[in-house]
Number of protein chains: 2
Amino acid sequence: MIRVLIVDDHEVVRQGLRFVLDQEDGVEVAGECANGEQALALTRALRPSVMLLDLVMPGMDGLDVLRRLGDDRPAVIVLTSFHEDERILEAIRLGALSYLPKTTAVDRVVEAVRAAAHGGSVLEPRIAGLLVRRMRGERPDPLSVLTPREREVLTALARGRSNVEIARSLSLGRETVKTHVSSILAKLGVTDRTQAAIVGLQQGLVPLDEALLDPDG
Amino acid sequence: MIRVLIVDDHEVVRQGLRFVLDQEDGVEVAGECANGEQALALTRALRPSVMLLDLVMPGMDGLDVLRRLGDDRPAVIVLTSFHEDERILEAIRLGALSYLPKTTAVDRVVEAVRAAAHGGSVLEPRIAGLLVRRMRGERPDPLSVLTPREREVLTALARGRSNVEIARSLSLGRETVKTHVSSILAKLGVTDRTQAAIVGLQQGLVPLDEALLDPDG
DNA sequence: GGGACCCTCCCCCGGCAGAGGGAGGGGAAA
DNA sequence: TTTCCCCTCCCTCTGCCGGGGGAGGGTCCC
């Protein structure tokens, strides 16, 4: 009997998972909870064999839970709507067996639970590809091709600054900033500064909320 | 009998909602689907009285669905994990009765469905507060000063498109787009298109993940 | 020392961006 | 009807943006 612990702050999702898993033979939902602290406590108390873990939760999030699980841990399946590559890789690095977006078909979830019970992994093609590329040493992070200086310039760019403003704030010549911007555009494969700014924001170089604020503020 | 259509690209969520609603007296799930196109088709075919609508979906998203629903529309409850204020307000502006984060307790969802059948609203305190403050004019919605056309242009802007591309996609003259962009800059109090794009992204006009994706979004 | 890469700055040049002004048509409200 | 706003398009003009070169100085490594 595979005993599953569901950790998700969305009650709807918990209900859905419980509903689906309860219909499966050889699988039972041992418990569920809505935050990281409870997840650790319930793991100790219930000793589930599999944990379905949401990454995005208030307070202690999924990555924190993965960090604090002891050696005698359940097989962890990360199930979240969060798509940032770095978080996916971090979760896998921290011992997650499977990583499934919440858009996954329920059959795949069941499949992942059964696989996890035997130490197996179920990965979405995109994430599998990510791992393969990473294994090959390729960089999924588009920003990793940038030099430190270029990253600085892109940061300013993502804040909505003009070349002259960037030049002033970095104590550079206007021409120098132009050079950096040009190579940033080439490296990121975009056509103008606005698109580059969007990439910078997507990669979290600047929190979206702070994008237009003053650098000091 | 309240007939509900569930629109969500997450199968787990659909199952959860169906499970919960099927247990309620006087409520039945008329159908479910995973994208905006199907939502419109099923609305015509099934004539549900209530629609539970996810905002974030591939292809036509929830806001598009709201825009394209005819006058004879079901009561729409927006149920999503997306918290951007502007998208919330835009959804309400477009006729959504209730707006519930997916973290909502299932009882509240049921409550919202029953309320919606009578034209009532169930709002989270935070969102209610947002509406009240907005009503008081405390934090004027930066996008509310824009005309519909300008908002369309800003959306394209936030996707990183150039004036020519915007002109082509909206079937306009390049000059017209320039006019719109100029008034957008003036109204938003920013100096260039990149800053305008950032405002658009901050206000949730375009989900950050989709900002650089294909032309016909 | 030579190579590779980074950072810095320079030139020319085409082109889009953005400011400013003008103008016609249409719809809604006074 | 008049007025006002929105949408559409046109023109000029300034200037920044971005492409394509080139070039000197710095470090690090072979």
Side-chain angles (χ1 to χ4, degrees), chain A residues 137-139 141-201 205-206 211-212, chain B residues 67 71 90 93-94 140-201 205-206 211-212 215:
Chain A
E138 292 180 25
R139 288 291 187 277
D141 177 5
L143 267 48
S144 61
V145 297
L146 300 184
T147 69
R149 202 51 159 173
E150 286 164 353
R151 200 168 293 132
E152 268 185 287
V153 173
L154 180 57
T155 302
L157 243 167
R159 291 181 184 276
R161 306 230 183 295
S162 72
N163 286 345
V164 251
E165 288 172 325
I166 297 174
R168 206 171 35 237
S169 75
L170 294 182
S171 301
L172 290 177
R174 183 188 112 113
E175 306 298 328
T176 308
V177 176
K178 278 171 57 102
T179 305
H180 288 313
V181 171
S182 286
S183 53
I184 289 171
L185 297 183
K187 287 182 177 179
L188 296 187
V190 296
T191 61
D192 57 57
R193 63 194 303 104
T194 301
Q195 293 184 359
I198 292 174
V199 172
L201 292 171
L205 215 51
V206 178
L212 287 179
Chain B
R67 287 191 193 92
D71 290 337
E90 179 72 9
R93 216 169 0 235
L94 287 170
D141 174 2
L143 267 48
S144 65
V145 296
L146 299 184
T147 68
R149 202 51 158 172
E150 287 163 354
R151 200 168 294 136
E152 269 185 286
V153 172
L154 180 56
T155 302
L157 247 169
R159 292 182 187 272
R161 307 226 195 297
S162 71
N163 286 344
V164 206
E165 288 171 326
I166 297 174
R168 207 170 33 236
S169 75
L170 295 182
S171 301
L172 289 178
R174 182 190 117 115
E175 306 299 327
T176 307
V177 176
K178 279 170 58 102
T179 304
H180 288 313
V181 170
S182 287
S183 55
I184 289 171
L185 298 183
K187 287 181 177 179
L188 296 186
V190 296
T191 61
D192 57 57
R193 64 194 301 103
T194 302
Q195 294 184 358
I198 292 173
V199 172
L201 291 171
L205 259 186
V206 178
L212 287 179

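We use all heavy atoms of the structure for the numbers below, so side chains are in, but hydrogens, waters and symmetry mates are not. In what follows, chains are A, B, ... by sequence order, proteins preceding strands, each numbered from 1. Predicted model, so just to flag it, every value in this text is computed and none were measured.
For the OP1/OP2 pair of C:dC9 and a distance below 4.0 Å, the side-chain nitrogens and oxygens of A:His180 include no atom meeting the criterion. When the side-chain nitrogen and oxygen atoms of B:Asn163 are compared with OP1 and OP2 of C:dA17, one or more of them lie within a distance under 4.0 Å. Remark: A:Ser182 is not in phosphate contact with D:dG18, judged by side-chain N or O atoms under 4.0 Å from OP1 or OP2. Between A:Thr147 and C:dC7 there is a side-chain polar atom (N or O) within less than 4.0 angstrom of OP1 or OP2.
Nearest approach of A:Leu154 to A:Ile184, heavy atoms of both residues: N-CD1, 3.8 Å. A:Ala158 approaches A:Ala211 most closely through the heavy-atom pair O-CB, 3.8 Å. Residues A:Arg193 and A:Leu185 approach most closely at N-CD2, 4.0 Å, considering heavy atoms. Shown here for B:Val199 and B:Leu143, the closest heavy-atom pair between the two residues is CG1-CD1, 4.0 Å. Minimum interatomic distance between B:Thr194 and A:Ala197 (heavy atoms only, all atoms of both residues): CG2-CB, 3.8 Å.
In this structure, the CD atom of B:Gln195 is 14 Å from the C1' atom of C:dA17, given to the nearest Å. In this structure, B:Arg149 atom CZ and D:dC5 atom C1' are separated by 16 Å, rounded to whole Å. The interatomic distance linking A:Asp192 (CG) with C:dC16 (C1') rounds to 10 Å, in whole Å. Atom CZ in B:Arg174 sits roughly 11 Å away from atom P in C:dG18 (whole-Å rounding). If you measure from atom CD of A:Glu175 to atom C1' of D:dG18, you get 12 Å, rounded to the nearest angstrom. Between the CD1 atom of B:Ile184 and the C1' atom of C:dA19 there is a distance of 15 Å, given to the nearest Å. In this structure, A:Leu154 atom CG and D:dG18 atom C1' are separated by 16 Å, rounded to whole Å. C:dT8 atom P lies 13 Å from atom CD1 of A:Ile166, rounded to whole Å.
In this structure, A:Gly173 and B:Ser183 both approach DNA chain C, and ranking their closest nucleotides by distance from the 5' end singles out A:Gly173. Between A:Lys187 and A:Val177, the residue anchored nearer the 5' end of DNA chain C, judged by the nucleotide with its closest heavy atom, is A:Lys187.
Across all strands shown, B:Thr176 has heavy atoms under 4.0 Å from base atoms, whether or not it also approaches the sugar-phosphate. Here A:Val164 lies out of heavy-atom contact (under 4.0 Å) with every strand.
Formation of a donor-acceptor pair under 3.5 Å by the B:Glu165 side chain with backbone atoms of B:Arg161 is not found in this model. The closest donor-acceptor contact from the side chain of B:Arg151 to the backbone of B:Leu146 lies under 3.5 Å.
Between the axis at the start and the axis at the end of the helix from C:dG1-D:dC30 to C:dA30-D:dT1 there is an angle of 30°, using five pairs per end and rounding to 10 degrees.
A donor-acceptor contact under 3.5 angstrom links the side-chain atoms of B:Thr179 to the base of D:dC9. Checked by distance alone, B:Ser162 brings no side-chain donor or acceptor within 3.5 Å of a matching partner on the base of C:dC16.
Under a 4.0 Å N-O distance rule, the pair B:Glu152/B:Arg149 qualifies as a salt bridge.
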